[in-house]
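Step one of this worksheet: look at the structure below.
Chain identifiers are assigned alphabetically (A, B, ...) following the order of the sequence lines, protein sequences preceding nucleic acid strands; residue numbering begins at 1 within each chain. If you're wondering where the values come from, they're calculated on a predicted model, not measured in any experiment.
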There are 2 protein chains.
Amino acid sequence: MDRFEQRCRENGLKFTPARRVVLEVIEQATDHPDAFEIYRRVGRQHRLTLSTIYRTLNTFAEVGVVVRHDFGDGRGRYEGVRHERHDHLVDVESGKILEFDEAAIGSLVKAVAARLGYRLLDYRLELFAERGLSSP
Amino acid sequence: MDRFEQRCRENGLKFTPARRVVLEVIEQATDHPDAFEIYRRVGRQHRLTLSTIYRTLNTFAEVGVVVRHDFGDGRGRYEGVRHERHDHLVDVESGKILEFDEAAIGSLVKAVAARLGYRLLDYRLELFAERGLSSP
DNA sequence: TTACGTGCAAAGCGTTTGCTTATCT
DNA sequence: AGATAAGCAAACGCTTTGCACGTAA
């Protein structure tokens with residue numbers, strides 16, 4: 001909470017109820033909701049508009065409080081930033097999203113960028129998979 | 001050409017001029033054009049509509065002739081399928097897309113999926129990087 | 001000839017924006 | 001008070017769709 005307030009002040013942002021509420025929803029989320037789902041979770045008692053949700057999410061993303069993911073289904077999915085990096089596996093049957101962290105990938109990918117003469121800023125890795133024993 | 005005609009027939013698709021033209025554009029492309037860019041490249045002499053472009057691209061994607069990529073800029077980018085798998089590096093300054101192939105990533109990722117109890121169907125990896133010497 | 005493809009125009013969907021009013025500092 | 005945020009409604013960009021006509025098989 002205070003860490004959020006701090007973040008806001010650091011960036012000259014106002015500390016509004018709307019932002020607090022959206023942030024709470026995001027912090028409580030264990031999944032990867034889209035903007036409309038966040039809007040739903042905020043509920044009507046707060047009277048937030050969908051446009052406010054979007055603006056807030058964009059602001060948060062700029063400030064680095066949330067990350068916007070794109071799992072290929074058209075809409076953006078949001079997630080509060082956490083300490084550890086992680087990637088996602090999409091269960092194509094249920095749509096469920098699993099998270100994983102494989103340190104080896106990071107270094108591998110960084111090396112690839114370097115080999116091409118680039119400095120890696122970020123990368124996106126998503127696995128699409130189905131439940132079951134492995135076999136091609 | 002004949003390989004395309006063959007693909008069409010295999011899947012009960014008609015062998016129309018529109019499809020031929022779109023396929024030609026895609027085969028000649030060395031980059032990753034979006035639907036509108038393909039529309040532009042087709043040119044007006046063929047009188048193809050943008051909706052036809054989209055429908056054709058979707059059909060091709062189903063049949064496995066093209067792949068649709070999503071580099072995070074909203075629109076889909078298309079590419080003819082090629083034999084070898086490859087991933088992309090996006091130069092965030094110029095928007096240029098580089099391709100690379102790192103076999104190690106494939107196996108790593110497959111192992112990750114397996115560890116989570118899944119069978120890997122596909123994965124998406126995109127690097128965002130800027131030119132320059134590497135350094136954190 | 002008949003099923004499939006195309007043009008055209010309109011709708012769909014997620015997201016953004018202009019403007020006015022409300023609110024934080 | 002002054003700057004920033006929220007509400008609202010309208011627009012936007014990409015993509016899809018319904019329907020009538022056209023064309024490959």
Side-chain angles (χ1 to χ4, degrees), chain A residues 1-2 4-25 32-63 65-78 95, chain B residues 1-2 4-23 25 32-40 42-63 65-78 95:
Chain A
M1 315 300 127
D2 294 294
F4 161 58
E5 191 164 349
Q6 184 188 330
R7 282 265 202 187
C8 283
R9 299 193 192 288
E10 281 172 6
N11 292 79
L13 300 179
K14 284 187 181 168
F15 184 55
T16 63
R19 286 176 180 166
R20 160 173 299 282
V21 173
V22 171
L23 189 82
E24 281 173 10
V25 168
H32 303 74
D34 59 27
F36 186 76
E37 177 60 25
I38 292 170
Y39 171 70
R40 273 193 1 92
R41 293 185 192 175
V42 164
R44 291 318 162 80
Q45 64 275 29
H46 292 287
R47 299 273 186 71
L48 295 193
T49 323
L50 199 46
S51 45
T52 297
I53 304 283
Y54 276 111
R55 275 196 266 236
T56 305
L57 290 171
N58 287 340
T59 307
F60 282 176
E62 284 169 14
V63 175
V65 175
V66 307
V67 204
R68 179 192 158 131
H69 293 292
D70 174 12
F71 295 140
D73 54 357
R75 57 242 154 94
R77 312 290 217 83
Y78 298 86
Chain B
M1 316 304 124
D2 293 296
F4 162 60
E5 190 165 348
Q6 184 187 330
R7 281 265 202 186
C8 283
R9 298 194 192 288
E10 280 172 6
N11 294 78
L13 300 179
K14 283 185 182 169
F15 184 54
T16 63
R19 286 175 179 168
R20 160 173 299 281
V21 173
V22 170
L23 189 83
V25 168
H32 301 74
D34 59 28
F36 186 76
E37 178 59 26
I38 292 170
Y39 171 70
R40 273 191 3 91
V42 164
R44 292 316 162 80
Q45 63 275 28
H46 291 287
R47 300 272 185 73
L48 295 194
T49 323
L50 198 45
S51 45
T52 298
I53 304 284
Y54 275 111
R55 276 196 267 235
T56 305
L57 289 171
N58 287 338
T59 307
F60 283 175
E62 283 169 16
V63 175
V65 174
V66 307
V67 204
R68 179 191 160 134
H69 293 292
D70 173 12
F71 295 140
D73 54 358
R75 57 245 155 93
R77 313 288 218 84
Y78 299 86

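Across the interface with DNA chain C, nearest-nucleotide mapping of B:L50 and B:G12 shows B:G12 to be the residue nearer the 5′ end. In terms of position on DNA chain D, the residue among B:L13 and B:Y78 whose nearest nucleotide sits closer to the 5' end is B:Y78. Sequence order on DNA chain D of the closest nucleotides to B:D34 and A:A18 puts A:A18 first from the 5' end.
Between the OH atom of B:Y39 and the C1' atom of D:dT16 there is a distance of 17 Å, given to the nearest Å. Spacing between atom CZ of A:R19 and atom P of C:dC24 amounts to 11 Å, rounded to whole angstrom units. One can place CZ of A:R20 at 11 Å from P of C:dT25, the figure rounded to the nearest angstrom. In this structure, the CZ atom of A:R47 is 8 Å from the P atom of D:dC8, given to the nearest Å. Following rounding to the nearest Å, A:L48 (CG) and D:dA6 (C1') show an atom-to-atom distance of 9 Å. The interatomic distance linking A:E62 (CD) with D:dT4 (C1') rounds to 14 Å, in whole Å. Between B:N11 atom CG and C:dA3 atom C1' the separation is 16 Å, expressed in whole Å. Look at CD1 on B:I38: it is 14 Å from P on D:dC14, rounded to the nearest Å.
Between B:N58 and D:dT16 there is a side-chain N or O to OP1 or OP2 distance below 4.0 Å. The phosphate of C:dT15 has OP1 or OP2 within less than 4.0 Å of a side-chain N or O from A:Y54. For B:T52 and C:dG7, the shortest distance from a side-chain N or O to OP1 or OP2 is below 4.0 Å.
Residue A:S51 has its side chain nearest to C:dT17 when only C:dT17, C:dG7, D:dA5 are considered. For B:R9, whose side chain is taken as the heavy atoms from C-beta onward, the closest listed nucleotide among C:dC8, D:dA25, C:dG18 is D:dA25. Nearest to the side-chain atoms of A:T16 among the listed nucleotides C:dT17, D:dA5, C:dG7 stands D:dA5. Closest to the B:K14 side chain, of the nucleotides C:dT16, C:dT6, D:dA25, is D:dA25.
Interface remark: the A:R55 side chain does form a donor-acceptor pair with the C:dG18 base, using a distance-only criterion of under 3.5 Å.
For the atom pair CG (B:L48) and OG1 (B:T16), the distance works out to 8.5 Å, reported to the nearest 0.5 Å. Taking OH of B:Y39 as the start and CG of B:L57 as the end, the distance is 13.5 Å to the nearest 0.5 Å.
Each of A:V22, A:D34, A:N58, A:V25 was checked for a side-chain contact (heavy atoms from CB on, under 4.5 Å) with A:I53, and the lone residue meeting it is A:V22.
For the pair A:F60 and A:R19, the minimum side-chain heavy-atom distance is below 4.5 Å.
The two atoms that bring A:A18 and A:T52 nearest to each other are CB-CG2, 4.3 Å, heavy atoms only.
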